[in-house]
There are 2 protein chains.
Amino acid sequence: MAAPTAAACLKACSKPLADRPDRCATCAVRDSAVCAALNERELEDLSRIGRTRTFQRGETIFAAGEPSYACGTLVSGAAKLSAIDGDGVERILALIHPAGFLGQLFTPTNSHEIIALTESTMCVFPRADFERLMAAHPALTRSILDRTLAELDASRALTGLIGRRDIKARLAGLILAFARAAGTSPCGIATDFELPLSREEMASLIGTTIETVSRRMTELEQAGAIERQGLRGLAIRDLPALERLAT
Amino acid sequence: MAAPTAAACLKACSKPLADRPDRCATCAVRDSAVCAALNERELEDLSRIGRTRTFQRGETIFAAGEPSYACGTLVSGAAKLSAIDGDGVERILALIHPAGFLGQLFTPTNSHEIIALTESTMCVFPRADFERLMAAHPALTRSILDRTLAELDASRALTGLIGRRDIKARLAGLILAFARAAGTSPCGIATDFELPLSREEMASLIGTTIETVSRRMTELEQAGAIERQGLRGLAIRDLPALERLAT
DNA sequence: CGGCGCGTTGACTGTAGTCAAATAAAGTGG
DNA sequence: CCACTTTATTTGACTACAGTCAACGCGCCG
């Protein structure tokens, strides 16, 4: 019986939202996550079943094949959603940023691995309770729909990115996407930030090898578009050039 | 004023569903499209605002940038969803099969081109009316959510496909996807079918060139996995081999 | 018949993959 | 705190694969 065990584990390593004096008031993604569109009463219902939990970098949040007993919002940090193919090779299919929704609704098991890329906090709900709440509150269903549409958009943007023929363009596009995600304001773009992925993960995401990522990165640096700062640090030195290369 | 014109055009070239004696009873996608989960009354409300329309192969169903005034279900045929980049190069982001939902909800304009790949029929709704109906009938919202989740799944499957490093694997996977889509039963796979895409479109979808598609196709044929029959016809001769190559 | 669109094939070039080694960074145990 | 191991990243040399340019074949339509 994996599900009860997992549920028990969730209880053991998380804190109920309802215990926090501020509930959702100070939540970082209060205005952008699925709960943003809810009214007072709906939010109250949701917070009653919610718990918060932190995950360490590299920790598996949901495993593929495992019964899907929980879901929730990523509050801080970042996660990757990936499939492991027959040979044990990881293939990253999506990145999840704060306010993103984790977990699969309406299916008995999870079909992908979801793994924390950095230390992350998540607002977790038992899936059955969450689905009941969706049935009771149309606004919640609508919120989930909006979020799913956003994910679909992101997924298609990724399709566009990795469909490019030369790896340099894919890599430039990926770096721009990271810079956008690292930016504080919705439309702002960060110029100095940490890459959320290792070289291997970047390679898996854009469909190439570690070595090629490394080489093209060196080229981008020599062209003056970017500057590497340590292993994970990156600074954008010439944004227009980088955007041109991403075409 | 594009929207009223477009709406007028829709009226001019389509037939109201309500005029058909059978309404939705004989619809080919009655059990799988967004309307499948609706009860009698909801279906009645929906059919009152629906019209059917056919599109010729190559015809644009929705254009990118155009106001989004309509949406609906693809009843028969097939369509491609693509983005046109700065240089006018088409990049196919998704394929849409019967029962798929076309059009963007909740946004003022369409962000992608949707073009018929074969002669297709669509069940069209004015978007504003459709959204009103969604607000009134939670079951419809839930249906759209299910459909969107399915599209997200398909999009991620495509991401996995085109992320493969060698083009032969991508092509084999694409052919398998076509064979599955052409199969009559949900889990059945067709062995003889017509490719819905031209070489150029296949190349755009998997991120390569016409010539490479052609060459790898020749290799797959020489390996005995497939057999080309005319320009678009294809027969799968050795399914296990094809599946192995797709890994 | 001749042009046109689509697909295939050939020759060549350039880019990415593979194998291997060097280097840098991070963690481990004394 | 330092020497040592382990892991991540970069670089090099070589090979293989994909892209480019060009020619050819085929079916279709004027």
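Worth knowing before you read on, the calculation uses all heavy atoms, side chains too, and leaves out hydrogens, waters and symmetry mates. Proteins come first, then strands; the chains are lettered A, B, ... in the order of their sequence lines, and each starts at number 1.
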Taking only N and O in the side chain of [X], is any of them less than 4.0 Å away from OP1 or OP2 of [N]?
X: B:Thr208; N: D:dG19; answer: yes
X: B:Arg216; N: D:dA18; answer: yes
X: B:Ser198; N: C:dC6; answer: no
X: B:Thr209; N: D:dA18; answer: no
X: B:Thr212; N: D:dG19; answer: yes

query: Nearest nucleotide by nearest heavy atom, which residue falls closer to the 5' end of DNA chain C, A:Asp166 or A:Glu211?
result: A:Asp166
- prompt: Do any N or O atoms from the side chain of A:Thr60 and from the backbone of A:Phe62 form a donor-acceptor pair under 3.5 angstrom?
  reply: no
- request: Answer yes or no: is there a donor N or O on one side and an acceptor on the other, between the side chain of A:Arg237 and the main chain of A:Ala225, under 3.5 Å?
  value: no
field: The single option from A:Ile92, A:Leu93, A:Val213 passing side chain to side chain contact (heavy atoms under 4.5 Å, CB included) against A:Ser204
entry: A:Ile92
Whole angstrom is fine here: how far is it from [atom1] in [X] over to [atom2] in [N]?
X: A:Glu194; N: D:dA8; atom1: CD; atom2: P; value: 16 Å
X: A:Arg165; N: C:dG17; atom1: CZ; atom2: P; value: 15 Å
X: A:Leu197; N: D:dT9; atom1: CG; atom2: P; value: 10 Å
X: A:Gln229; N: D:dT9; atom1: CD; atom2: P; value: 16 Å
X: B:Leu231; N: C:dT9; atom1: CG; atom2: C1'; value: 15 Å
X: B:Leu245; N: D:dC17; atom1: CG; atom2: P; value: 13 Å
X: B:Arg199; N: D:dG27; atom1: CZ; atom2: P; value: 15 Å
X: B:Ile167; N: C:dG17; atom1: CD1; atom2: P; value: 10 Å

- request: Could you check whether B:Arg215 gets within reach of a base, just the sugar-phosphate, or nothing at all, counting any heavy atom under 4.0 Å?
  value: base
message: By the 4.0 Å heavy-atom rule, please label A:Arg170 as base, sugar-phosphate, or nothing.
response: nothing
- prompt: Can you check whether B:Leu176 reaches B:Ile189 side chain to side chain, under 4.5 Å on heavy atoms?
  reply: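 Touching, per the 4.5 Å side-chain cut-off.
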- prompt: What distance do B:Glu211 atom CD and B:Arg199 atom CZ have between them, rounded to the nearest 0.5 Å?
  reply: 12.5 Å
